Amino acid sequence: MVLLQQMGILFIYMIIGYVACKKEYFDQEFGKKLSWLVVNIANPMLAVSAVVNNETTIDRKDFFVTVILAVAFYAFLLFLAYILPRMIRVPQSDLGVYKMMTTFNNIGFIGFPIIAAAYGNGALIYAVPFSIMFNILCYTWGIQTLCNRGGKGQWKQVINVGTISGVIAIFLFFVQIPVPQMICSITAGLSNLTGPLSMIVIGISLADIALKELFTDRRLLKFAFVKLIVVPLVVMFLICRVIDNRLICEVFLIMMATPAASMCAMLAQQYGGDYELAARGVALTTILSVITIPLVSEIVFHLAV
């Protein structure tokens, strides 16, 4: 019920953006400015805030387990990104967007709020390695793949606000340096913007898209079915037999079951990718995830545990 409630809240944020744009209080240019705020300020604060505002300590062994899981998580999704689009016959021109949507889940904008609501803020520390890996890959491999850039200098953007925030989060976790309350409040406030603002941006992007297209695009529907149901179920049945820590398994499930990252659409908007396709993919998987996340969770933990 908590998962369903949290997904409903995020869905309402998206509706607010959609209605406001339809009523012409917002426009696509405003949405682009909001996406810049999320990409460059609010989102990078998620990992840092999870560390500095977390009063709960966890065993370092458990933390290293989550690091290993995060690496395996993205290794698997990177592999899947080269298989799934070809399985559903994605045109060459759309491969970049589909690879992005396959690899990057909305772990920050949807995963973090769900984890905090369902398991408490202390559980967020288990999600930090996923967030760090997300930022490193999204701001490097993701941008290159999305924009079909290659050649020399492909990794020039490895030093960016996303990767820097990830390194800072790891450093603060291990050294346990006291952080001034003012800094804690700032990081918490900025990170709290990510969920509402990212969904509002997606809602704004939907205002220029015929909603009928979301549910009549067979390729996107096939993609959503595999990403939101098949992959989480298969992976979680394996993970639950290897990891005996229930909380780690639950956090991993949320990471795996979340929809395509709204960052796919926002980065496409910022870096000249196919923004409309990315927005439709993010919107469709986000809408469906309101049902699929609670559904997959119930199936996994009733049958696999």
Side-chain angles (χ1 to χ4, degrees), residues 1-39 41-43 45-46 49 101 104-121 123-124 127 131 188-215 220-221 224 227-229 232 253-255 257-266 269 275-276 278-298:
M1 182 60 69
V2 174
L3 295 181
L4 185 61
Q5 181 181 16
Q6 187 60 40
M7 294 307 302
I9 291 170
L10 294 173
F11 180 74
I12 289 173
Y13 291 147
M14 187 164 62
I15 294 298
I16 290 172
Y18 177 82
V19 173
C21 194
K22 281 293 188 181
K23 294 290 186 179
E24 299 184 352
Y25 295 112
F26 296 163
D27 57 23
Q28 296 303 322
E29 185 61 28
F30 178 71
K32 188 173 183 178
K33 291 176 180 178
L34 276 185
S35 72
W36 180 93
L37 178 65
V38 175
V39 170
I41 298 178
N43 180 58
M45 287 296 102
L46 278 168
S49 178
M101 293 192 299
F104 299 108
N105 292 2
N106 214 338
I107 62 174
F109 305 153
I110 292 181
F112 271 49
I114 290 176
I115 291 169
Y119 313 115
N121 289 335
L124 286 175
S131 179
L190 290 175
S191 65
N192 287 338
L193 294 174
T194 54
L197 289 187
S198 64
M199 290 299 99
I200 287 173
V201 169
I202 296 303
I204 292 173
S205 69
L206 282 176
D208 285 351
I209 299 174
L211 292 182
K212 183 180 178 181
E213 294 179 9
L214 293 180
F215 298 97
L220 268 180
L221 288 171
K227 182 175 181 64
L228 298 178
I229 297 178
L253 170 64
I254 299 301
M255 298 295 98
T258 46
S262 50
M263 287 286 286
C264 296
M266 286 184 280
Q269 192 174 50
Y275 171 66
E276 182 177 339
R280 286 193 289 115
V282 171
L284 177 64
T285 55
T286 300
I287 292 170
L288 294 178
S289 69
V290 174
I291 298 172
T292 60
I293 289 179
L295 175 64
V296 169
S297 178
E298 284 297 312

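Count residues from 1 along the sequence. The structure displayed is predicted, hence computed values, not measured ones.
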Q | side chain to side chain contact (heavy atoms under 4.5 Å, CB included) evaluation trace for Met101 with Leu220 | A | CA-CA 11 Å; Met101 293 192 299; Leu220 268 180; 4.2 Å; yes
Any idea which heavy atoms bring [X] and [Y] closest together, and the distance?
X	Y	result
Cys264	Val282	CB-CG2, 4.3 Å
Cys21	Gln28	SG-NE2, 3.8 Å
Ala265	Ala278	CA-CB, 3.7 Å

Q: Check each of Asn105, Ile114, Ile115 against Met255 using the side-chain contact (heavy atoms from CB on, under 4.5 Å) test, and report the only one that passes.
A: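 Answer after filtering Asn105, Ile114, Ile115: Ile115.
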State the [atom1]-[atom2] distance between [X] and [Y], to the nearest 0.5 angstrom.
X	Y	atom1	atom2	answer
Ile12	Ile200	CD1	CD1	12.0 Å
Ile9	Met14	CD1	CE	14.0 Å
Leu288	Ile229	CG	CD1	8.0 Å

Please list, chain by chain and in numerical order, all residues satisfying side-chain contact (heavy atoms from CB on, under 4.5 Å) with [X], sequence neighbours excluded.
X	value
Ile41	Trp36, Leu37, Leu190
Ile15	Phe11, Val19
Pro259	Asn106, Ile110, Leu228, Thr285, Thr286, Ser289, Ile293

Q | Set of ring-ring contact (aromatic ring centres under 6.0 Å, His included) partners for Tyr13, sequence neighbours left out | A | none
Q: Can you sort out the partners of Phe215 under ring-ring contact (aromatic ring centres under 6.0 Å, His included), two or more places apart, ordered by chain and number?
A: none
Q: May I ask you to test the Leu193-Val38 pair for a side-chain heavy-atom distance under 4.5 Å?
A: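 No, every pair of side-chain atoms sits at 4.5 Å or beyond.
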Q: With sequence neighbours excluded, give me every ring pair (Phe, Tyr, Trp, His ring centres under 6.0 Å) pair touching residues 14-34.
A: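 Those involving residues 14-34 are Phe26-Phe30.
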